[in-house]
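Structure incoming, see below.
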Amino acid sequence: MESLTLHMMNTEFYIEVPSSSDSWKEHVTKWLSYVANEWSRFIPNNELDQINQLPIGKTLEINPLLYDCLKKANEYYERTEGLFSPYLKRQIESQGYVQSFPFKVGKQIKQQNETENPIGKNPIDFLDNYKILKITNQTIDLGGFAKGYAVEHIKKWLQNQNFPYGIVDGGGDMTLWSDGEKEWIIGIANPFNGKSIGSIKIKNGAIATSSRAYRSWIYQNEKKHHILNGQTGEVAKTNVLQATVVTDSLYQCEVGAKLCFLMDEQQLNQWFEQSRWRVARFIVNEDETTKWIKTGDGKNV
């Protein structure tokens with residue numbers, strides 16, 4: 001087995017494949033470096049910032065992979081009726097999250113009038129030839145979705161290199177594949193003490209965990225966290241402390257994990273069923289109770 005460990009995007013990435021050659025490592029390193037530098041909301045004048053600074057009514061041709069990532073995120077934005085949203089940069093900044101994590105106390109910055117940044121209207125129109133048209137001033141924060149996209153991209157590239165099995169792990173958000181013989185046992189950490197609280201066996205699929213315990217901070221004497229309701233722009237209010245979601249793709253995992261904080265159990269079950277997703281989710285509540293919930297046939301989880 002050959003492995004690669006990298007620290008980027010405040011995340012430790014771990015990739016492992018059955019290989020006797022290091023030739024794949026350079027490609028993976030360059031890709032993650034590109035995403036970290038060009039898709040971050042914290043770096044001025046990068047590709048994402050160029051989109052955010054684009055005036056209303058103007059078009060911009062962007063990198064095909066960034067275009068694809070944005071379009072996928074927008075599809076989930078539409079499918080969830082805006083609950084999941086990549087268009088909340090100003091809203092998360094208004095909660096004091098204006099610097100790269102970790103930090104304990106949020107910082108205040110001058111905000112534009114909220115009427116200039118309407119929630120509920122798609123701020124981007126996707127045109128042909130990797131062009132976008134700016135519709136509103138609402139700005140983009142790809143957040144965990146970009147990391148999930150980066151991980152999925154690595155997996156697909158490695159599969160195309162004919163590796164029969166492998167794992168790509170981005171800080172616990174991971175995708176795995178197998179020719180049928182290899183199976184992984186993935187542990188789930190307790191958000192209260194970091195110890196193992198559960199595990200799942202998986203051959204093919206993806207798993208992502210979202211938690212209010214880690215990405216939280218104090219702002220204006222209130223405790224905040226990074227999960228916002230895309231329909232309101234406000235911090236999600238929920239008893240769910242941590243959600244681990246297992247599905248067929250990391251895109252679905254990232255979105256599904258967020259929805260665990262934004263929908264009640266019945267609504268979420270119905271949404272997963274209507275979307276025809278095969279999902280297993282492990283919920284940890286504030287009172288330390290836990291629950292496994294499955295939706296769909298669950299053959300791969």
Hphob cluster co-occupancy, Tyr97 + Ile218, side-chain heavy atoms under 4.5 angstrom: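 Each belongs to a different hydrophobic cluster.
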Listing request: all salt bridge (Lys or Arg N to Asp or Glu O under 4.0 Å) pairs with a residue in residues 205-222, at least two apart in sequence or in separate chains.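 Applying salt bridge (Lys or Arg N to Asp or Glu O under 4.0 Å) to every pair that reaches into residues 205-222, excluding sequence neighbours, yields Arg212-Glu286, Glu222-Lys224.
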With sequence neighbours excluded, residues passing side chain to side chain contact (heavy atoms under 4.5 Å, CB included) with Lys58: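 Scan of Lys58 (side chain to side chain contact (heavy atoms under 4.5 Å, CB included), adjacent residues dropped) gives Leu54, Pro55.
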Nearest non-hydrogen partners of Gly233 and Gln95, listed with the distance: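 The pair with the smallest heavy-atom distance is O-NE2, 4.2 Å.
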Return the CG to NZ distance between Leu262 and Lys237, rounded to the nearest 0.5 Å.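 Here the interatomic distance stands at 13.5 Å.
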Can you sort out the partners of Tyr87 under ring pair (Phe, Tyr, Trp, His ring centres under 6.0 Å), two or more places apart, ordered by chain and number?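 Scan of Tyr87 (ring pair (Phe, Tyr, Trp, His ring centres under 6.0 Å), adjacent residues dropped) gives Tyr77.
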Checking one residue: Val240. Which other hydrophobic residues are in its cluster under the side-chain 4.5 Å linking rule?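 Its cluster partners, ordered by chain and number, are Ile227, Phe261, Ile283, Ile293.
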Is a side-chain donor or acceptor of His226 paired with a backbone partner of Ile92 at a separation under 3.5 angstrom?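 Not a single qualifying donor-acceptor pair exists.
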Taking the side chain as C-beta and beyond, is there a heavy-atom pair between Asn239 and Asp287 under 4.5 Å?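 Answer no - side chains too far apart.
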Show me the side-chain donor-acceptor pairs of residues 6-17 shorter than 3.5 Å, one per line, residues at least two apart or across chains.
{"residue": "Asn10", "atom": "ND2", "partner": "Ser100", "partner atom": "OG", "Å": "2.3"}
{"residue": "Asn10", "atom": "ND2", "partner": "Phe101", "partner atom": "O", "Å": "2.6"}
{"residue": "Thr11", "atom": "OG1", "partner": "Met9", "partner atom": "O", "Å": "3.1"}
{"residue": "Tyr14", "atom": "OH", "partner": "Glu16", "partner atom": "OE1", "Å": "2.3"}

Going from OG on Ser23 to CD on Gln161, what distance comes out if it is rounded to the nearest 0.5 angstrom?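 Interatomic distance, Ser23 OG to Gln161 CD, rounded to 0.5 Å: 7.5 Å.
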Ser216 side, atom OG; Phe103 side, atom CZ - distance, nearest 0.5 Å: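 One gets 9.0 Å once the value is rounded to the nearest 0.5 Å.
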Run the ring pair (Phe, Tyr, Trp, His ring centres under 6.0 Å) test against Tyr165 and tell me which residues pass, sequence neighbours left out.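 Here no residue qualifies.
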Would you please name every residue forming a side chain to side chain contact (heavy atoms under 4.5 Å, CB included) with Asn221, sequence neighbours left out?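 Residues passing side chain to side chain contact (heavy atoms under 4.5 Å, CB included) with Asn221: none at all.
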Please check if the side chain of Asn46 supplies one atom and the backbone of Asp49 the other of a donor-acceptor pair under 3.5 Å.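 Yes; judged by distance alone, with no hydrogens or angles, the pair exists.
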Pairs satisfying salt bridge (Lys or Arg N to Asp or Glu O under 4.0 Å), at least one member in residues 167-188, at least two apart: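 Checked against salt bridge (Lys or Arg N to Asp or Glu O under 4.0 Å) - neighbours excluded - the pairs reaching residues 167-188 are Lys147-Asp173.
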Note, Glu78 side chain near Asn122 side chain (heavy atom, < 4.5 Å):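 Yes - at least one pair of side-chain heavy atoms lies under 4.5 Å apart.
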Using the ring of each side chain (for Trp, its six-membered ring), is Tyr76 parallel, tilted or perpendicular to Trp277, with breaks at 30° and 60°?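 Tyr76 and Trp277: perpendicular rings.
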Regarding Glu273 and Asn269, do their side chains bring together a donor and an acceptor under 3.5 Å, going by distance alone?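 Per modelled atom types, Glu273 and Asn269 side chains form no pair under 3.5 Å.
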Check: Ile202 and Ile186 side chains under 4.5 Å, non-hydrogen atoms: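 A side-chain contact exists here, since the closest heavy-atom pair is under 4.5 Å.
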Find the distance between CG (Asn285) and OG1 (Thr238) and round it off to the nearest 0.5 Å.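 The distance works out to 7.5 Å.
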Separation between OG1 of Thr295 and CZ of Arg276, rounded to the nearest 0.5 Å: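 It is 13.5 Å, given to the nearest 0.5 Å.
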Going by heavy atoms in the side chains, are Ile154 and Thr175 under 4.5 Å from each other?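 Side chain of Ile154 against side chain of Thr175, heavy atoms only: no contact under 4.5 Å found.
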Plane angle bin for Tyr251 and Tyr149 - parallel if under 30°, tilted between 30 and 60°, otherwise perpendicular: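 The rings of Tyr149 and Tyr251 sit tilted, inter-plane angle from 30° to 60°.
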Decide whether Ile124 and Leu133 are clustered together by the hydrophobic rule: side chain heavy atoms of Ile, Leu, Val, Met, Phe, Trp, Tyr closer than 4.5 Å, transitively.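 Unlinked, Ile124 and Leu133 end up in two clusters.
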Side chain of Ser275, backbone of Trp271: donor and acceptor closer than 3.5 Å?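 It does hold such a pair.
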List the atom of Cys253, the atom of Thr247, and the distance in Å for their closest heavy-atom pair.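 Scanning both residues, the minimum pair turns out to be SG-OG1, 3.5 Å.
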Can Met1 be reached from Met174 by stepping across I, L, V, M, F, W or Y side chains whose heavy atoms are under 4.5 Å apart?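 In one cluster with Met174: Met1, yes.
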Taking all non-hydrogen atoms of both residues, which atom of Ala189 and which atom of Gln242 are closest, and how far apart?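 Scanning both residues completely, I find the closest heavy atoms to be O-NE2, 2.9 Å.
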Is any side-chain heavy atom of Trp292 closer than 4.5 Å to one of Arg281?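 Arg281 vs Trp292: side chains apart.
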Less than 3.5 Å apart, which donor and acceptor atoms pair up between the side chains of residues 25-35 and the rest of the protein, not counting sequence neighbours?
{"residue": "Lys25", "atom": "NZ", "partner": "Ser3", "partner atom": "O", "Å": "3.1"}
{"residue": "Lys25", "atom": "NZ", "partner": "Asp22", "partner atom": "OD1", "Å": "3.3"}
{"residue": "Glu26", "atom": "OE2", "partner": "Lys30", "partner atom": "NZ", "Å": "3.1"}
{"residue": "His27", "atom": "NE2", "partner": "Trp157", "partner atom": "NE1", "Å": "3.4"}
{"residue": "Thr29", "atom": "OG1", "partner": "Lys25", "partner atom": "O", "Å": "2.8"}
{"residue": "Trp31", "atom": "NE1", "partner": "Ala150", "partner atom": "O", "Å": "3.1"}
{"residue": "Ser33", "atom": "OG", "partner": "Asn37", "partner atom": "ND2", "Å": "3.4"}
{"residue": "Tyr34", "atom": "OH", "partner": "Trp39", "partner atom": "NE1", "Å": "3.1"}
{"residue": "Tyr34", "atom": "OH", "partner": "Glu47", "partner atom": "OE1", "Å": "2.7"}
{"residue": "Tyr34", "atom": "OH", "partner": "Asn63", "partner atom": "ND2", "Å": "3.3"}

Evaluate the side-chain proximity of Leu228 to Glu234: yes if any heavy-atom separation is below 4.5 Å, no if none is.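 Side chain of Glu234 against side chain of Leu228, heavy atoms only: no contact under 4.5 Å found.
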Less than 4.5 Å apart, side chain to side chain, heavy atoms only: is that true for Ser196 and Asn190?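 No. Closest side-chain heavy atoms not under 4.5 Å.
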Under the salt bridge (Lys or Arg N to Asp or Glu O under 4.0 Å) rule, what pairs show up with a residue in residues 126-144, not counting sequence neighbours?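 Residue pairs with at least one partner in residues 126-144: Arg41-Asp141.
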Please answer whether the main-chain N or O of Leu70 pairs with a side-chain N or O of Asn74 as donor and acceptor at a distance below 3.5 Å.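 The answer is no, because no donor-acceptor pair under 3.5 Å joins these two groups.
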So which atom in Leu142 and which in Ala73 form the shortest heavy-atom distance, rounded to 0.1 Å?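 So the minimum-distance heavy-atom pair works out to CD2-CB, 4.3 Å.
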Is it the case that over 12 heavy atoms from other parts of the model lie below 6.0 angstrom from the CD atom of Gln99?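 Result for CD/Gln99: enclosed.
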Not counting sequence neighbours, list each pair that qualifies as a salt bridge (Lys or Arg N to Asp or Glu O under 4.0 Å) and has a residue in residues 68-77.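 Of all non-adjacent pairs touching residues 68-77, those that pass salt bridge (Lys or Arg N to Asp or Glu O under 4.0 Å) are Asp68-Lys72.
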Kindly write out the residues that satisfy ring pair (Phe, Tyr, Trp, His ring centres under 6.0 Å) with Trp177, not counting sequence neighbours, or none if the list is empty.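 Here no residue qualifies.
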Would you say Gln270's side chain and Gln267's backbone share a donor-acceptor pair under 3.5 angstrom?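 No; zero donor-acceptor contacts below 3.5 Å.
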Are the side chains of Thr290 and Phe282 in contact, using a 4.5 Å heavy-atom criterion?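 Side chain of Phe282 against side chain of Thr290, heavy atoms only: contact under 4.5 Å found.
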First locate atom OG1 of Thr244, then atom CD1 of Ile200, and finally report the distance between them rounded to the nearest 0.5 Å.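 One finds 9.5 Å between OG1 of Thr244 and CD1 of Ile200.
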Hey, is the main chain of Asn129 close enough, under 3.5 Å, to the side chain of Tyr67 for a donor-acceptor pair?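 No, because the side chain of Tyr67 does not come within donor-acceptor range (under 3.5 Å) of the backbone of Asn129.
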